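Have a look at the structure below, then the notes.
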Amino acid sequence: MRAFINVARHHLAVFSTALDFESDVWDVTEFVHLRAKANNRLRLLFISWRSGLHLQPTSMAEPFKDFAKAYLRYMQGLRPSKILTQRLVALRALEAALIEAGGVADATMTTAFVLNRATQMIAARYAKGTAYRISRHLEAIADFMLKNHLMTVPCRWRTYLVRPNDSNRLGVEFDRRRRLKLPSQTALDVLPMVFRAAIAPADVIFSSVAALLVSAPDRVSEVLTLDANCEVYEKGLDGESVYGLRWFPAKGAEPMVKWIIPSMVPVVKEALARIRIATDAAREVARWYESNPTKVYLPAELEHFRSDTLLTKSDMAQLFNLSSEDSVNLTCKTFGIVPLARGRNWHVRFYDVEKSLLRHLPAGFPYLDAELGLLYSEALFVVRRNELHTQRSANPCLIGAITSNQVNSALGGKVAHGCSSIFSRLGFFEEDGSPIRVSSHQFRHYLNTLAQMGGMSQLDIAKWSGRRDVRQNRAYDHMTTAQLLERARQAVGNGSDMFGPLAALPENLPVRREEFSRLRMPTAHVTEIGFCIHDYTMSPCQLHRDCIRCDDLVCIKGDELKTVRLQQALENTIDLLRKAEDAVKAGYVGSNRWYDHHKEAAARLSQLHAVLIDPTVPDGAVVHLGAPKALLHNDSAPNLLENRCGASE
């Protein structure tokens, strides 16, 4: 342990060689790039578990604190992360559990009991999803200590917390999760009115950001790092003009042009035009500083200040765009400008003012985002200092980037703390009179859910959302069971949207198609490979979840996760069928029944899998196999078995 800490303290360059290892506060802002966070500082605080509940925190106890610092520095070099706080929380919980178990914060005394106790603490303080992720970091700490012989008594440990199941679409928990993830209907209804009524620069910009967020499923950090010249016009395959925005996904996907659906094109164009008008002045200031890095920017009417050695209080009020001279002293104190005299002879040196203002340019200037190569002079969302403030005047000499925190605050994120929002400032509230609260990420969840309801393929949803993995779509799908059921009902009798017995209705059916679909599909619930339309008010499940052999199974083409599960089930069933066939040949009693069972299941799985991977079947199509007896007399299963066995050999 001493050797490991010594290496981390003296021989690693992670967070720079100038890092003060002994300090209990590490400022790592310049080493961990967080998009759309502007000047927000990222500090790692090596404080105890209970300190999070107090205004005056206490440091971690030794010798654990040195281990925690060494581990964070070492792992950031080995497995870089932008969410360092979760690693730190796991370490704090481990320290608290060690003290509780033995009275000493010695990491080498870590045991399974201590790790379980730390997990209990984490689960008690954080929500299920967050607690699970932090416990995985705790698991990584235990693995690291085991592999590097840092435990007195080695133990292999795994967290007992499980990933929260978000596939259930019924019950109070699903309704609560859905409300948290999606914007309220009132918020969606009033957004167009807010967009039209906005006049103040802050309201214009934030309502326009909301307009961009509802036009495509974007992350707010991606919107806030758009180029001012981000619009793209091209000709589509049909010769029609298409419109999109140049996009840089935030989580590893390739840069792309995100095409805007035709109905939202006028809204997006107007939103971008309004944002440019509100931010043009800031880009002009940025261009000045790029060309004149050693001089302060002055508006044309104040250029004569450059020839003045001394500035009066009145001059300072003009320079900082202050409404009265009374605020000048406070402003000088804020910027570290020391007046040469007070009272009637009050004045400051222009040189001191210029030097102070240059120090207050944004960190990393001239780049707003160095990873993207985005300059402040080219960025869409750059404003003058205090330009979005509701009470202060804009400082004409300084600029800054709009942050995600400002967007979420403007959408109602801080109304509980007395801060106004674009809704409250313009007089819009929920139906019960409560403030409207929306987070920028709720629009992304909302558009993904609309795409799921509309039958868009999982691959298209992932590409539209800027994801690298279609499996991530699942966390953004908040369709209710009722919406799934309605989608299936609409497909009944429609040969282009449904495949199977329900696709073709008898010509002389005595009821309308809509009435028949409601009778045939009274209810539905989600299963591993589709959803079940069995009515449990009439009878319980007769097949004990043997869904593939059931007439009530309905699947939707394009759901990648369920298709993968179906393929795995098919491969497992074929393997079982082969074993059952061997058992029949060996003369085992009753093996013929298992053979018939697996033969039928393999045939139905094969048929369903063939439809779901058929490129001629459109994504979003509803697939219903019908009664299983129709497949009992065909020989597809044996042939499939032979083909699969031959292929595998």
Side-chain angles (χ1 to χ4, degrees), residues 29-30 38-41 199-202 204-205 228 275-370 374-403 406:
T29 307
E30 60 180 297
N39 293 326
N40 287 9
R41 312 303 296 177
I199 297 176
V204 168
I205 290 176
I275 293 169
R276 287 194 190 99
I277 292 173
T279 58
D280 271 341
R283 278 187 292 277
E284 180 184 347
V285 176
R287 281 190 288 272
W288 162 269
Y289 281 119
E290 288 173 14
S291 302
N292 305 275
T294 61
K295 296 181 180 180
V296 68
Y297 171 85
L298 295 176
E301 64 274 15
L302 301 181
E303 270 291 337
H304 63 276
F305 285 167
R306 293 190 194 280
S307 59
D308 297 338
T309 304
L310 301 177
L311 300 180
T312 65
K313 185 174 287 190
S314 176
D315 294 336
M316 288 291 288
Q318 292 182 65
L319 182 60
F320 284 87
N321 197 20
L322 301 175
S323 57
S324 69
E325 295 182 8
D326 297 336
S327 304
V328 172
N329 287 333
L330 179 60
T331 301
C332 286
K333 184 177 180 181
T334 301
F335 282 85
I337 302 170
V338 180
L340 297 180
R342 301 226 176 242
R344 190 171 294 179
N345 297 321
W346 192 100
H347 55 267
V348 295
R349 285 194 295 256
F350 176 79
Y351 172 78
D352 292 338
V353 175
E354 183 173 54
K355 186 169 61 174
S356 174
L357 288 172
L358 290 174
R359 280 201 309 267
H360 281 80
L361 286 175
F365 186 85
Y367 288 101
L368 184 147
D369 192 305
L374 179 64
L375 295 168
Y376 275 89
S377 60
E378 300 171 349
L380 180 63
F381 289 97
V382 56
V383 291
R384 294 174 298 179
R385 177 79 68 91
N386 297 331
E387 189 142 30
L388 305 181
H389 204 283
T390 56
Q391 297 176 340
R392 300 175 187 170
S393 301
N395 185 322
C397 306
L398 293 176
I399 58 172
I402 298 175
T403 67
Q406 289 176 307

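If you read the sequence from its start, that first residue is 1, and numbering goes on from there. Side-chain atoms are counted along with the backbone in the values below, which use heavy atoms only and exclude waters and symmetry mates. The structure displayed is predicted, hence computed values, not measured ones.
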Heavy-atom nearest pair, Thr279 first then Ile275, reads OG1-O, 2.7 Å
Salt bridge (charged side-chain N to carboxylate O under 4.0 Å, His left out) filter on Arg287, not counting sequence neighbours, yields none
For Glu303, the salt bridge (charged side-chain N to carboxylate O under 4.0 Å, His left out) test, sequence neighbours excluded, returns Arg306
Task: Side-chain heavy atoms of Val348 within contact of Val338, under 4.5 Å - done: no
For Asn321, the side chain to side chain donor-acceptor pair (under 3.5 Å) test, sequence neighbours excluded, returns none
Applying salt bridge (charged side-chain N to carboxylate O under 4.0 Å, His left out) to Asp352 and not counting sequence neighbours gives Arg349
Sorted by chain and number, sequence neighbours left out, side chain to side chain contact (heavy atoms under 4.5 Å, CB included) with Ala394 holds for Arg384, Glu387
Hits for salt bridge (charged side-chain N to carboxylate O under 4.0 Å, His left out) against Asp308, two or more places apart or cross-chain, chain-then-number order -> none
Requested in this report: Ignoring hydrogens and angles, tell me if any N or O in the side chain of Arg385 forms a donor-acceptor pair with the backbone of Pro396 under 3.5 Å.
Outcome: no
In this structure, OG1 of Thr309 is separated from CZ of Phe350 (nearest 0.5 Å) by 10.0 Å
For Cys397 and Val296 the tightest heavy-atom approach is CB-CG2, 4.3 Å
Taken in chain and number order and not counting sequence neighbours, the residues that satisfy side chain to side chain contact (heavy atoms under 4.5 Å, CB included) with Pro293 are none
Minimum side-chain heavy-atom gap Val204-Ile199 below 4.5 Å: no
Query raised in the report: So do the side chains of Thr331 and Met316 get within less than 4.5 Å of each other, counting heavy atoms only?
Result: no
Residues pairing under ring pair (Phe, Tyr, Trp, His ring centres under 6.0 Å) where one sits in residues 302-334, two or more places apart or in two chains, turn out to be Phe320-Phe335
CZ (Phe381) and CG (Leu388) are apart, to the nearest 0.5 Å, by 10.5 Å
Which pairs would a plain distance check flag for residues 358-367, meaning a side-chain donor or acceptor within less than 3.5 Å of a matching protein atom at least two apart in sequence or in another chain?
unit_1	atom_1	unit_2	atom_2	d
His360	ND1	Ser356	O	2.9

Rounded to the nearest 0.5 angstrom, the CZ-CD1 distance for Arg276 and Ile205 is 13.0 Å
Output for pair (Glu284 CD, Ile399 CD1), nearest 0.5 Å, gives 11.5 Å
Check your understanding: Can Leu319 and Val353 be said to form a side chain to side chain contact (heavy atoms under 4.5 Å, CB included), step by step?
Key -> CA-CA 10 Å; Leu319 182 60; Val353 175; 3.5 Å; yes
Sequence neighbours excluded, the answer for side chain to side chain donor-acceptor pair (under 3.5 Å) partners of Asp280 is Arg283
Nearest heavy-atom approach of Val328 to Trp346 is CG1-CH2, 3.6 Å
Here the gap from Trp288 atom CH2 to Leu298 atom CG, rounded to the nearest 0.5 Å, amounts to 7.5 Å
Sorted by chain and number, sequence neighbours left out, side chain to side chain donor-acceptor pair (under 3.5 Å) with Gln318 holds for none
All heavy atoms of Leu357 vs all of Leu398, minimum pair found to be O-CD2, 3.3 Å
OH of Tyr376 to CG of Asp369, rounded to nearest 0.5 Å, is 9.5 Å
Residues pairing under salt bridge (charged side-chain N to carboxylate O under 4.0 Å, His left out) where one sits in residues 391-401, two or more places apart or in two chains, turn out to be none
